[in-house]
**Student:** 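I am attaching a structure below and will ask some questions about it afterwards.
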Amino acid sequence: MTKRYFSIFLAIIMIFSLFFQPVLNDVYANKTDAVSLISLKKDLVITDDTNQILGTISKDAEIFVKKTENGNYVFDWLGKEMELPPDQFELSESQLNYYNVNGENSSIVDFKSFKERVKVSDPTSNKTIAYIEPNQNIPFIEENENKLKIIIGNREGIITFEENPQPENDMGTELNEEQKVENKIQKNSESIDNREENAGIENRSNEESKNIKNTDYNAENDEQQKNKMKMMSAVDANYFKVSEENVPVYIDKNGKLIKVAILKKGEIYPRVGEKNGIHVIKFGKTQGYVDQKSSTLLSIANLKNENKKFTNSLFTIKITNNAVVYDNSSGKLVRFGIIQKGIEYPVIRDVGDWWMVDFLGRIGYIHKDGTELLFSSNVKYFKVTDDNVPLYIKGKSLTKVGSLQKGQIYPRISAKGNWHIVKFGKIQGYIHNDSTVGISSPSIKNENKALKFDSYSIKITKDANVYDNSSGKLEKLGVIQKGIEYPVIKDAGNWWMIDYVGRIGFIHKSNAEVLFPSNTKYFKVTSDSLNVFIKKSGKLVKVGSLRKGQSYLRTGGKGNWHEIQFGLSKGYVYKFSTVPLSHPNFQISSLKNNGKITILRDAVVYDNSNKTLVPIVTLLKNIEYPIEGVYGNWVKIHIANRVGYVHKSDVKVSLKNYSKPGNLVNPNQVYTYEEMVRDISELEKAYPNLISKRIIGQSVDGRNIYAVKLGKGKTEIMINGSHHAREYITTNLLMEMIDVYAYAYSKNLRVDGYPVRSILNNASIWFVPMVNPDGVTLVQKGHRSAKNPAYVLKLNGGSTNFAAWKANIRGVDLNRQYPADWYRIAGNTGRPSPQNYKGPRPLNEPEAKAMVNFTLSRNFKTAVSYHSSGEIIYWHFNTPKQHEVRDRKIASMIASKTGYRLVPPRNNPSGGGFTDWFISTQKKPAFTPEVAPYVGNRPVPISYFPSIWKKNQAIGIMLADEAYKNRNTR
């Protein structure tokens, strides 16, 4: 294609995308976030949840990252998503191919693991991209002789390896028996003569180095050994053997030779060169020097622990006492050198009580006693070495807010100068590092990696000890000072659970009081029989009490008092026996005044939402209280915005005249599954000859899926809602239609000009108000509403905020489950997700299967599937030409009532939706209205409902009328 034709083609595509952009808002809003190619600013060490090093991605390496919905950046490490701080990379302009590692379009051929550390190189420049530590499953896309083409960070890399690579002993398992190892250390740690040797390195001549004789190996009688270990010239030798005791090692520091280590007689070491009769060796990250006069030269050496694969990590230690270095390649600890006190030395890795190091080109082990880890940006923990180390926060100046306990270990966020920056509640705290030492891989049972703060805080009323309880015993972590306001994770009986410097801690409630922000909506009672008062003649009068452990909605607050709904009055509750709640653990309900009761004796009010009577309130004798109605032996009331039941034997009932049935459903609330079930039952009782219900299936978690028939006619249409969990406002709409249409039928009224009774005598509307009851309940009530809460938390990335969830409880998008071009659905995630996963096969989920079976059991003339966001109408799915005029006409009727815009037909629509299936299999019209303006990945606010109802109130009755009039044509 020439450049000219390509430019024209590109322009057409851009114009097409601009024209259709408004139409496709809802589709684009649900697309997976795009990836970006970035380059790293510094080496990135990859660790797992236990801080075990998995590998390193090199500085300047280019990988792909993805921005998540919460604004974080993640990248792929061998098939797992890892988080990447935004300050550690910058965008790259290079052109690299992106490789998918998950889902249907994965590029992965197979996995391979190595028992040794491997290097990953760029296939073009051969520059190092990364190092991968042993025993990890490495995804690859091609294997060719001694090269493996792998995927790392969603880009290509190359691993080059020997045909039969042999793993070396890295001592990972041999240092597990801590007591045995320490006994071995004591036996091998003989006293070392630390006397200074006059090395004479600076005055050594080339002539003297030529006269060095290899006395050890000239004495060999074995001819094979003579051939292997013959004397070499100083220029050609790769190794040397120490021939004297305590041979010193020097480094050059500011032009002056400093003694840094001692070598053991008889040990062999590799060297990197020689200079003026001096061995040049590797010492940590620099060069070291050993006088040749104390050694013999070797051409080859059989060193089991020669370091041919390990590189230094980012950790550095300081030797606080002369440190013995041990070889463990034989399975026994053998001393082969000493590093002197005061030396700073890099380490390869942390091995329990030991540091693995490269000592002169050999793998060695130093016991952590006698060392301390130096602080650098990669050191994430510190241990407190002094009593009561001050903890500060920063305002205009540093202010002391508490202290840390000697011997305790804490995570740190970062560092600045000589200060650790730590987590202190929701802000940063500061600890001076002069009373601490670094820790590389601590074992902290109570480190807080998942728990988040609740919506409220406490105020410390006196200096409060913070305790760790992870061992089952209280162990002091530190102190928070009087007067500090501090966030809480949760109420734990007589204790507050908090995050204290990154660890879970507990403060006794006697040391703090709870704070209530002005926006706190809910509270829980923490004492027995908390009194409720109302105002009469300017005085507070006791009218009842709330139960310990129960939660309530506050309608306001002033000073030390909560305000609640108490019948037709305001009730007042003293706040100091309560704690704030961010989310209710009960169904919120509005007052319905259909009569009143007089309390004959102190009466208990019960909650029955879980089919078990639970006491929530006590009402005092002689109190009058409004009621909703009488149900058998019980009277239903609403108190503190909760539904309650009082036994008829405790009250005198006075009912109003028959209440208006059109008010049975309250759509101006977060409408739950339980509220829907109750309202369906009440509607059926109120209109027994007009309304009937049927259970058409059950959800994954066992909730019933209800279909409600409204009408007496044989011509039937079907309307459904809440395929998607966060779109539960469509259930409000459908339940209000049932309520209003039934009332209009009973009174022979019109709705938007349509004669409801006449239409419903000829036709019937089947409503399925909530196709996805598990998902709706998850969004409204959180992960504890699921039978497998850990599973949904995992799918949601550990977040307890499920506002964006669309799928059912198994992470399958129900509106991508129907067999209509299912195999061509676009944007599939390939695995269970909060949205867009189409499942392993069509109709795999019981909810979708129930909808198909129910539809096939009826003869619906029209179908409508309500969704929530976009104010558009989908009406076409590969619709045959002979039906297009018919379907567009009905779609235009809906558009004229709602003001929503019709989506133009598409050449290649993405299928899987209920209406897609209905159109393609039933050959009849079906429509998907999106009822609200686009609000993003969250539920449509309830405040939008009046507008939604105004636009949609006549749609059901209008389509029933149309279907009856045209019943014989389809």
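Position 1 is the first residue of the sequence; numbering continues from there. Computed from a prediction, not measured in an experiment: that's the story for all the values here.
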**Student:** Listed by chain and number, what are the ring-ring contact (aromatic ring centres under 6.0 Å, His included) partners of F375, not counting sequence neighbours?
**Tutor:** H420
**Student:** Any side-chain heavy atom of D122 sitting closer than 4.5 Å to one from R155?
**Tutor:** yes
**Student:** Kindly state whether the ring of F64 and the ring of F75 have centres lying under 6.0 angstrom apart.
**Tutor:** no
**Student:** Roughly how far apart are I278 CD1 and K293 NZ, rounded to 0.5 Å?
**Tutor:** 9.0 Å
**Student:** Once rounded to the nearest 0.5 Å, what's the spacing between atom OH of Y289 and atom CD1 of I258?
**Tutor:** 12.5 Å
**Student:** Quick one: do V45 and N378 satisfy side-chain contact (heavy atoms from CB on, under 4.5 Å)? Show the steps, please.
**Tutor:** CA-CA 8 Å; V45 179; N378 55 294; 5.6 Å; no
**Student:** Has S243 got a side-chain atom pairing as donor or acceptor with S295's backbone, closer than 3.5 angstrom?
**Tutor:** yes
**Student:** Work out which heavy atom in A61 is nearest to a heavy atom in I129; give both atom names and the distance.
**Tutor:** CB-O, 3.7 Å
**Student:** Main chain of Q136, side chain of S113: is a donor-acceptor contact present, judged purely on distance under 3.5 Å?
**Tutor:** no
**Student:** Would you confirm whether N448, through its side chain, and G502, through its main-chain N or O, come within 3.5 Å as a donor-acceptor pair?
**Tutor:** no
**Student:** Checking the side chain of R117 only, and the main-chain atoms of Y131 only, is there a donor and an acceptor separated by less than 3.5 Å?
**Tutor:** no
**Student:** Over all heavy atoms of both residues, which pair between V325 and V357 is shortest? Give the atoms and the distance, please.
**Tutor:** CG1-CG2, 4.3 Å
**Student:** Does a side-chain heavy-atom distance below 4.5 Å link Y381 with I444?
**Tutor:** yes
**Student:** Counting distance only, does the side-chain N/O of N135 pair as donor-acceptor with the main-chain N or O of K115 below 3.5 Å?
**Tutor:** no
**Student:** Let's go through K445 and D468 carefully: what are the C-alpha distance in whole Å and the side-chain angles of both, what is the deciding distance for salt bridge (Lys or Arg N to Asp or Glu O under 4.0 Å) to 0.1 Å, and is it a yes or a no?
**Tutor:** CA-CA 9 Å; K445 290 183 179 179; D468 169 20; over 6 Å; no
**Student:** In terms of side-chain geometry, is the basic nitrogen of D87 or K42 positioned less than 4.0 Å from the acidic oxygen of its partner?
**Tutor:** no
**Student:** Is there a side-chain contact (heavy atoms from CB on, under 4.5 Å) between Q340 and N322 once you walk through the steps?
**Tutor:** CA-CA 5 Å; Q340 296 210 152; N322 289 344; 3.9 Å; yes
**Student:** For a 4.5 angstrom cut-off between non-hydrogen side-chain atoms, does K380 reach P411?
**Tutor:** no
**Student:** Taking atom CD1 of I38 and atom CG of L91, what is their separation to the nearest 0.5 Å?
**Tutor:** 8.5 Å
**Student:** Considering all heavy atoms of both residues, which atom of A130 and which atom of S58 are nearest to each other, and what is their separation?
**Tutor:** N-OG, 3.9 Å
**Student:** Could you pull out the closest heavy-atom pair between P442 and I409, with the gap in Å?
**Tutor:** CB-CG2, 3.9 Å
**Student:** Between N154 and N100, which heavy-atom pair has the shortest distance, and what is it?
**Tutor:** ND2-CA, 4.4 Å
**Student:** Begin with the C-alpha distance, continue with both residues' side-chain angles, and end with the deciding distance and a verdict on side-chain contact (heavy atoms from CB on, under 4.5 Å) for F89 and I63.
**Tutor:** CA-CA 10 Å; F89 68 85; I63 60 174; over 6 Å; no
**Student:** Quick check: are there more than 12 heavy atoms from other residues, nucleotides or ligands sitting under 6.0 Å from CG of N302?
**Tutor:** no
**Student:** Evaluate the ring planes of F359 and Y345, with Trp represented by its six-membered ring, and classify them as parallel (under 30°), tilted (30 to 60°) or perpendicular (over 60°).
**Tutor:** tilted
**Student:** With a cut-off of under 6.0 Å to the ring centre and 45° to the axis, is R362 in cation-pi contact with Y269?
**Tutor:** yes
**Student:** Report yes if some heavy atom in the side chain of E156 is under 4.5 Å from a heavy atom in the side chain of I158; otherwise report no.
**Tutor:** yes
**Student:** Closer than 3.5 angstrom, by distance alone: can the side chain of H279 be matched with the main-chain N or O of I281 as a donor-acceptor pair?
**Tutor:** no
**Student:** Kindly compute the distance separating CD1 (I138) from CD1 (I151), expressed to the nearest 0.5 Å.
**Tutor:** 12.5 Å
**Student:** Checking S94 side chain against L96 main chain: does a donor-acceptor pair fall under 3.5 Å?
**Tutor:** no
**Student:** Any side-chain heavy-atom pair from V242 and K264 closer than 4.5 angstrom?
**Tutor:** no
**Student:** What closest approach, in Å, do V379 and L374 show between heavy atoms, and which atom pair accounts for it?
**Tutor:** CG2-O, 3.3 Å
**Student:** So, does N305 use its side chain to make a donor-acceptor pair with the main chain of I363 at under 3.5 Å?
**Tutor:** yes
**Student:** Do E306 and Y239 come close enough that some side-chain heavy atom pair is under 4.5 Å?
**Tutor:** yes
**Student:** Against the six-membered ring of F382, is R412 placed for a cation-pi contact (under 6.0 Å from the centre, within 45° of the normal)?
**Tutor:** no
**Student:** How about V120 and I132: do any of their side-chain heavy atoms sit closer than 4.5 Å?
**Tutor:** yes
**Student:** When you look at E475 and Q408, which way does the side-chain hydrogen bond (donor to acceptor under 3.5 Å, both in side chains) test go after all the steps?
**Tutor:** CA-CA 10 Å; E475 184 177 355; Q408 292 293 334; 2.9 Å; yes
**Student:** With heavy-atom distances below 4.5 Å as the criterion, would you say the side chains of V249 and L263 are in contact?
**Tutor:** yes
**Student:** Could you check whether atom NZ of K368 has more than 12 heavy atoms from other residues, nucleotides or ligands sitting under 6.0 Å from it?
**Tutor:** yes
**Student:** Kindly check if the number of other-residue, nucleotide or ligand heavy atoms within 6.0 Å of NZ (K341) is above 12?
**Tutor:** no
**Student:** Working to the nearest 0.5 Å, report the span between CG of N238 and CG of L297.
**Tutor:** 10.0 Å
**Student:** Looking at CD1 of I141 and CD1 of I150, how far apart are the two atoms once the value is rounded to the nearest 0.5 Å?
**Tutor:** 9.0 Å
**Student:** Using only atom types and a distance under 3.5 Å, with no angle test, would you say the side chain of Y410 pairs donor to acceptor with the backbone of L477?
**Tutor:** yes
**Student:** Between the side chain of T56 and the main-chain N/O of L44, is any donor-acceptor distance below 3.5 Å?
**Tutor:** no
